[in-house]
Q: 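Supplied in structure tokens, the structure appears directly below.
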Amino acid sequence: RNREEFIINKALIKAIFGFGGFVWLLCTFVLWGMNHNLFPSMNPTIFFASYMVLNWWNMFNARVIGKNKSLFDGLGKNMKFIGIMAFILVVTIIMVQVGGAVFRTEPLSWQTWMWIILITSPVAIVRELYFQLFGKKK
């Protein structure tokens with residue numbers, strides 16, 4: 001963003017309320033479904049891990065909010081971002097796998113982790129597809 005610009009601009013406000021509203025609706029629906037046995041295999045640990053990974057994917061979007069850029073533009077040059085992203089993912093996995101009594105979690109299988117990553121990935125994939133189809137014209 002332009003350093004002269006206020007920290008919260010129109011693009012950021014739209015992203016916060018758009019994505020935030022979507023995540024709120026999604027989480028509310030899943031929690032309601034868990035309470036009404038709509039998702040019998042879903043447990044609080046899977047919900048927590050999915051929520052964390054969903055937001056992890058969204059950090060890739062946050063890098064390019066308000067810019068007409070791909071999620072991949074300059075990604076390899078920003079080692080701080082990559083380091084922070086790796087740290088967040090590793091800490092999330094540790095919290096789930098060994099957090100036990102402290103975080104009220106239970107270890108998940110690697111297959112469950114792969115499903116969580118796959119199911120939450122459209123947060124970044126859809127944004128990138130949108131950019132590839134419509135964003136470059138600006």
Q: Are I8 and F19 linked, directly or through other ILVMFWY residues, by side chains that come within less than 4.5 angstrom of each other?
A: no

Q: Enumerate donor-acceptor pairs with a distance under 3.5 Å from any side-chain N or O in residues 89-99 to protein atoms, sequence neighbours excluded.
A:
from, atom 1, to, atom 2, distance (Å)
T92, OG1, I88, O, 2.8
Q97, OE1, L108, N, 2.8
Q97, OE1, W113, NE1, 2.9
Q97, NE2, L108, O, 3.1

Q: Could you see if F103 belongs to whatever hydrophobic cluster contains L31? Use Ile, Leu, Val, Met, Phe, Trp, Tyr and a side-chain cutoff under 4.5 Å.
A: yes

Q: Can you give each donor-acceptor pair under 3.5 Å made by side-chain atoms of residues 77-87, sequence neighbours left out, with the distance rounded to 0.1 Å?
A:
from, atom 1, to, atom 2, distance (Å)
N78, OD1, F81, N, 3.1

Q: Applying a strict under-4.5 Å side-chain criterion to I, L, V, M, F, W and Y, I'd like to know whether I65 and I13 cluster together.
A: yes

Q: If you compare all heavy atoms of E106 against all heavy atoms of N43, which two are closest, and at what distance to 0.1 Å?
A: OE2-ND2, 3.3 Å

Q: Applying a strict under-4.5 Å side-chain criterion to I, L, V, M, F, W and Y, I'd like to know whether W24 and L54 cluster together.
A: no

Q: Taking N61's backbone N and O only, do any of them form a donor-acceptor pair with N58's side chain (distance below 3.5 Å, no angle check)?
A: no

Q: Would you be so kind as to tabulate the donor-acceptor pairs closer than 3.5 Å made by side chains of residues 115-127, with sequence neighbours excluded?
A:
from, atom 1, to, atom 2, distance (Å)
T120, OG1, W57, NE1, 3.1
T120, OG1, I116, O, 2.7
T120, OG1, I117, O, 3.4
S121, OG, L118, O, 2.8
R127, NH1, K69, O, 2.9
R127, NH2, K69, O, 3.0

Q: How far apart are the C-alpha atoms of Y51 and V23, what are their side-chain angles, what is the distance that settles it, and do they pass the side-chain contact (heavy atoms from CB on, under 4.5 Å) test?
A: CA-CA 9 Å; Y51 177 77; V23 170; 3.7 Å; yes

Q: F29 pairs by ring pair (Phe, Tyr, Trp, His ring centres under 6.0 Å) with which of F22, F47, F39?
A: F39

Q: Is it the case that atom CZ in F60 sees more than 12 heavy atoms from other parts of the structure closer than 6.0 Å?
A: yes

Q: So does S70 get a backbone contact from the side chain of D73, meaning a donor-acceptor N/O pair under 3.5 Å?
A: yes

Q: If hydrophobic clusters are built by linking Ile, Leu, Val, Met, Phe, Trp and Tyr wherever their side-chain heavy atoms come under 4.5 Å apart, do L75 and F131 end up in the same one?
A: no

Q: So F72 and E128, do their side chains get closer than 4.5 Å, heavy atoms only?
A: yes

